[in-house]
Trainee: 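Once you've had a glance at the structure underneath, I'll fire off some questions.
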Amino acid sequence: QVQLVESGGGSVQPGGSLRLSCATSGDIYRRMAWFRQAPGKVREGVAAVYTIFISGPRTYLSDSVKGRASIFISKNTVDLELNSLKPEDTAMYYCAAATSPSVDHGVSPLDSKNYDLWGQGTQVTVSP
């Protein structure tokens, strides 16, 4: 089975940037996303990319990172670039993939219900 392996996390000062990478052991799935979870908080979808459309890839960003984040894809990786980092961005970041070809367009791409394959996570800590 394809595995997802995240990397790129670390400690950074507020205002800094990080690029998180999710490497797959095969080709990337056609629906992939990044989630994060801070201690004591619910898991939050921050970015997703769908390559199921004829018109090309579509990306989705949460309001919490919109304007500060970008998602990039290659044959085997899905990267999340985070800029202007804030202390509230501190969390474990997880890569996720939807392995089923069935798509429920009534479910937000940032909803974890879409995804059934998860990586182990990479920690991001933002502090002075």
Trainee: Leu20 versus Glu81: any side-chain heavy-atom pair under 4.5 Å?
Mentor: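 Leu20 does not reach Glu81 side chain to side chain.
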Trainee: Hydrophobic clustering (ILVMFWY, side-chain heavy atoms < 4.5 Å, transitive) - are Tyr94 and Tyr50 grouped together?
Mentor: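 Per the 4.5 Å side-chain linkage, Tyr50 and Tyr94 are co-clustered.
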Trainee: Quick one: closest heavy-atom pair of Thr77 and Ala23, and the distance?
Mentor: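 In this case the closest contact between Thr77 and Ala23 is CG2-CA, 4.2 Å.
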Trainee: Following the transitive rule for hydrophobic clusters with a side-chain heavy-atom cut-off under 4.5 Å over Ile, Leu, Val, Met, Phe, Trp and Tyr, establish whether Val12 and Leu80 coincide in one cluster.
Mentor: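 Val12 clusters together with Leu80.
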Trainee: Determine the minimum heavy-atom distance between Gly9 and Thr122, stating which atoms define it.
Mentor: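 Taking every non-hydrogen atom into account, N-OG1, 3.1 Å.
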Trainee: What donor-acceptor contacts under 3.5 angstrom involve side-chain atoms of residues 96-103, with partners at least two apart or in another chain?
Mentor:
residue	atom	partner	partner atom	Å
Thr99	OG1	Asp116	OD1	3.1
Thr99	OG1	Asp116	OD2	2.5
Ser100	OG	Ser102	N	3.1

Trainee: Using ring pair (Phe, Tyr, Trp, His ring centres under 6.0 Å) as the criterion, point out the one residue from Tyr29, Phe35, Tyr93 that pairs with Trp118.
Mentor: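 Among Tyr29, Phe35, Tyr93, the one that satisfies the ring pair (Phe, Tyr, Trp, His ring centres under 6.0 Å) with Trp118 is Phe35.
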Trainee: Does NZ or CZ of Arg58 fall inside the cone over Phe53's six-membered ring, less than 6.0 Å from its centre and within 45° of the axis?
Mentor: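 The answer is yes, since Arg58 meets both limits relative to Phe53.
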Trainee: Check whether any side-chain heavy atom of Arg36 sits under 4.5 Å from a side-chain heavy atom of Lys41, and report yes or no.
Mentor: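 The answer is no, as the side chains (C-beta and beyond) never meet within the 4.5 Å cut-off.
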Trainee: Without swapping roles, check the side chain of Thr24 against the backbone of Asn76 for a donor-acceptor pair under 3.5 Å.
Mentor: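 Such a contact is found between Thr24 side chain and Asn76 backbone.
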Trainee: Take Ser64 and Glu44 through the side chain to side chain donor-acceptor pair (under 3.5 Å) test and state the conclusion after the steps.
Mentor: CA-CA 10 Å; Ser64 60; Glu44 174 193 15; 2.7 Å; yes
Trainee: Is Val5 close to Cys22 at the side-chain level, that is, under 4.5 Å between some pair of heavy atoms?
Mentor: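 Heavy-atom side-chain distance check fails, nothing below 4.5 Å.
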Trainee: Is there a side-chain contact between Val46 and Leu61, using heavy atoms and a 4.5 Å cut-off?
Mentor: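 They are not in side-chain contact.
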Trainee: Are more than 12 heavy atoms, taken from residues, nucleotides or ligands other than Gln123, located less than 6.0 Å from that residue's CD atom?
Mentor: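 Enclosed: over 12 neighbouring heavy atoms sit under 6.0 Å from CD of Gln123.
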Trainee: Identify whether NZ of Lys or CZ of Arg in Arg19 sits under 6.0 Å from the centre of the six-membered ring of Phe72 and within 45° of that ring's axis.
Mentor: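 Here Arg19 passes the 6.0 Å and 45° test against Phe72.
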Trainee: Roughly how far, to the nearest 0.5 Å, is CG of Leu85 from OG of Ser11?
Mentor: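 Output value for this atom pair is 11.5 Å.
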Trainee: Please answer: with hydrophobic residues joined when any side-chain heavy atoms are less than 4.5 Å apart, are Val78 and Val124 in the same cluster?
Mentor: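 Linked, Val78 and Val124 end up in one cluster.
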Trainee: Quick one, Pro14 and Glu88 - any side-chain contact, counting heavy atoms below 4.5 Å?
Mentor: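 With C-beta onward as the side chain, the pair stays apart.
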Trainee: Kindly indicate whether the side chain of Asp89, heavy atoms from C-beta on, has any atom under 4.5 Å from the side chain of Leu82.
Mentor: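 Contact flag for Asp89/Leu82 side chains = no.
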Trainee: For Ile52 and Arg31, run side-chain contact (heavy atoms from CB on, under 4.5 Å): C-alpha distance rounded to whole Å, both residues' side-chain angles, the deciding distance at 0.1 Å, then the answer.
Mentor: CA-CA 7 Å; Ile52 60 174; Arg31 293 184 292 145; 4.1 Å; yes
Trainee: To the nearest 0.5 Å, tell me how far Met92 CE sits from Gln120 CD.
Mentor: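 These two atoms lie 9.5 Å from each other.
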Trainee: Can you give me the closest heavy-atom contact between Cys95 and Met32, atom names plus distance?
Mentor: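 So the two residues come closest at SG-CE, 3.8 Å.
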Trainee: Heavy-atom distance under 4.5 Å between the side chains of Lys75 and Asp27, does that happen here?
Mentor: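 Sidechains of Asp27 and Lys75: in contact.
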Trainee: So, Thr125 and Ser127: side-chain donor and acceptor under 3.5 Å apart, yes or no?
Mentor: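 Note: Thr125 and Ser127 side chains miss the donor-acceptor criterion.
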Trainee: Got a donor-acceptor contact below 3.5 angstrom from the Ser21 side chain to the Asp79 backbone?
Mentor: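 No.
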Trainee: Would you mind writing out the side-chain donor-acceptor pairs for residues 105-114 within the sub-3.5 Å range, not counting sequence neighbours?
Mentor:
residue	atom	partner	partner atom	Å
Ser108	OG	Leu110	N	3.0
Asp111	OD1	Lys113	N	2.9
Asn114	ND2	Ser108	O	2.7
Asn114	ND2	Asp111	O	3.0

Trainee: If you define the side chain from C-beta out and look only at heavy atoms, does anything of Val42 sit under 4.5 Å from Gln37?
Mentor: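 When only atoms from C-beta onward are counted, Gln37 and Val42 do not touch, as no gap falls below 4.5 Å.
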Trainee: When rounded to the nearest 0.5 angstrom, what distance separates CD1 in Ile28 from OG1 in Thr51?
Mentor: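 Result: 5.5 Å between the selected atoms.
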Trainee: Indicate the atoms forming the closest heavy-atom contact of Ser17 with Ser84, along with that distance.
Mentor: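 Nearest heavy atoms, Ser17 then Ser84: OG-N, 4.3 Å.
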